[in-house]
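For the single chain, residues carry numbers from 1 onward in sequence order. Because the structure is a prediction, the values reported are computed rather than measured.
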Amino acid sequence: MARDTAHVAAPESLLASPDQVSQSQISDEIASVHADAASREAAGEAVSRTLHDFPPYRSSLLRHPTKSPKLVDPETIELFSPAYGQRDIAAIESDLTLQSTGGEPQGERMTVEGRLLDSWGRPIANQLIELWQANAAGRYIHQRDQHPAPLDPNFIGAGRVITDDNGHYKFTTIKPGPYPWKNHVNAWRPAHIHFSVFGTGFTQRTVTQMYFPGDPLFALDPIYNTIPRQRDRDNLIARYNHELTVPEFSMGYEWDIVVDGPDATWFEPEEGER
């Protein structure tokens with residue numbers, strides 16, 4: 001007997017709260033905010049590379065800074081803040097497919113390579129780069145991630161590496177999947193990898209995200225669109241490089257990280273910049 005679905009709620013409606021807005025409303029808000037930023041910039045205003053108070057990014061409304069940052073002694077922070085990193089990093093830590101003794105993780109295996117550069121294109125050597133990401137199903141191994149996608153017991157989703165003398169880094173990992181988040185009805189984040197770059201001290205840490213070319217979710221994502229300029233957003237997208245693709249093993253992506261200057265990769269703003 002055929003099932004009567006006339007009165008069965010669609011699954012996505014069960015995940016939505018009554019006050020969530022639609023994707024079309026979010027997209028309209030993104031377009032409006034971008035147009036306003038472009039207009040103010042054309043009028044001579046110095047518009048921030050990141051729009052901190054970004055209404056389409058709903059959960060940022062209560063989280064973005066509204067007060068002046070508190071000045072602290074950076075050396076004191078070094079003494080008391082959590083720190084891990086630059087010493088004793090094993091080569092295996094840059095291969096996220098070898099984190100488990102139970103087997104390899106599920107998903108599209110890929111190689112991500114690039115260079116850490118300054119604004120003159122000079123390599124920055126001996127710097128700690130860390131990454132973390134969701135698994136191939138779009139789920140983080142984190143207790144707050146309740147996305148109903150499977151956890152992969154063979155994938156932790158974190159790795160780190162030290163840049164060599166040419167500023168070069170390389171990770172082997174799994175391509176992450178997109179995942180839903182409850183910013184609005186049917187909100188999905190584009191597939192991405194978080195990158196962290198340390199300077200000479202842990203207080204100099206900067207964090208950004210790397211995306212993948214051709215993702216259909218770019219125009220829909222409020223977080224990606226907190227960056228008003230298309231050029232800055234483009235700098236966050238890796239380039240597929242067939243020369244980096246390993247035969248019979250992994251797809252290759254290339255992504256350079258520029259830490260300053262006009263071509264700098266966008267980084268999540270630090271406290272002093274808000």
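Checking side-chain atoms of T163 against main-chain N and O of Q127 turns up a donor-acceptor pair under 3.5 Å. When atom types are taken as modelled, the side chain of R109 and the backbone of F249 share a donor-acceptor pair closer than 3.5 angstrom. Proximity of a side-chain donor or acceptor of N225 to a complementary backbone N or O of D221 within less than 3.5 Å is detected. Although no hydrogens or angles enter the test, the distance criterion places a donor-acceptor pair under 3.5 Å between the side chain of N183 and the main chain of R58. Judged by distance alone, with hydrogens and angles left aside, the side-chain atoms of W255 form a donor-acceptor pair with the main-chain N or O of N235 at under 3.5 Å. Without hydrogens or angle criteria, S94 side chain to F171 main chain gives no donor-acceptor distance under 3.5 Å. Side-chain N or O atoms of Q106 include none that pairs as donor or acceptor with a backbone N or O of A136 at under 3.5 Å. A donor-acceptor contact shorter than 3.5 Å is absent between the side chain of N135 and the backbone of G107. Side-chain N or O atoms of N166 include none that pairs as donor or acceptor with a backbone N or O of H168 at under 3.5 Å. Panel note: side chain D256, backbone G114; no donor-acceptor pair is recorded below 3.5 Å.
Ring pair H184/W181 is perpendicular by interplanar angle, where above 60° counts as perpendicular and below 30° as parallel. Under the 30°/60° scheme for interplanar angles, the aromatic rings of F212 and Y253 are found to stand perpendicular. Note on ring orientation: taking the six-membered ring where Trp is involved, the planes of Y211 and Y224 are perpendicular (angle over 60°, cut-offs 30° and 60°).
Using a 4.5 Å heavy-atom threshold, the side chains of T111 and T245 count as separate. Between P176 and I193, some side-chain heavy-atom pair lies under the 4.5 Å cut-off.
The distance from atom NE2 of H147 to atom NE2 of H142, rounded to the nearest 0.5 Å, is 16.0 Å. Here the CG atom belonging to L217 is positioned 12.0 Å from the CD1 atom belonging to I223, to the nearest 0.5 angstrom. Between the OG1 atom in T97 and the CD1 atom in I92 there is a gap of 8.5 Å [rounded to 0.5 Å]. To the nearest 0.5 Å, atoms CG (N186) and OG (S24) are separated by 11.0 Å. In this structure, CG on L96 lies 8.5 Å from CD1 on I174, to the nearest 0.5 angstrom. The distance from the OG1 atom of T226 to the NE2 atom of H34 is 7.5 Å, given to the nearest 0.5 Å.
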Where do E254 and E113 land on the side-chain contact (heavy atoms from CB on, under 4.5 Å) test, with the steps shown first?
CA-CA 5 Å; E254 182 178 8; E113 293 191 39; 5.8 Å; no

Dump the intermediate steps for side-chain contact (heavy atoms from CB on, under 4.5 Å) on V197 and Y169, then the final yes or no.
CA-CA 11 Å; V197 179; Y169 75 86; over 6 Å; no

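W188 and I30 are members of different hydrophobic clusters when ILVMFWY side chains are connected at heavy-atom separations under 4.5 Å. Both F155 and M251 belong to a common hydrophobic cluster when Ile, Leu, Val, Met, Phe, Trp and Tyr are linked at side-chain heavy-atom distances under 4.5 angstrom. Put simply, V259 and I227 are part of the same group of oily side chains (I, L, V, M, F, W, Y) that touch within less than 4.5 Å, one to the next. One hydrophobic cluster, built from ILVMFWY side chains closer than 4.5 Å, cannot hold both I156 and V161; they sit in different ones. I237 and L116 fall within the same hydrophobic cluster, where Ile, Leu, Val, Met, Phe, Trp and Tyr residues are linked whenever their side-chain heavy atoms come under 4.5 Å apart, directly or through other members.
Between I26 and P222, the shortest heavy-atom distance links the atoms CG2-CG, 3.7 Å. Between A238 and M210 the shortest heavy-atom distance is CB-SD, 3.7 Å. When all heavy atoms of L220 and S27 are compared, the closest pair comes out as CD2-OG, 3.7 Å. Heavy-atom minimum distance, V47 versus A37: CG2-O, 3.7 Å. The two residues Q209 and L236 have their closest heavy-atom pair at O-CD2, 3.5 Å. Closest approach of Y140 to D145, counting heavy atoms only: N-OD2, 2.6 Å.
Residue-environment remark: CD (Q99) exceeds the threshold of 12 foreign heavy atoms within 6.0 Å. Atom CD of E243 has 12 or fewer neighbouring heavy atoms from other residues, nucleotides or ligands inside a 6.0 Å radius.
A ring-centre distance under 6.0 Å is found for H192 and Y179.
Each of L117, I257, D118 was checked for a side chain to side chain contact (heavy atoms under 4.5 Å, CB included) with I124, and the lone residue meeting it is D118.
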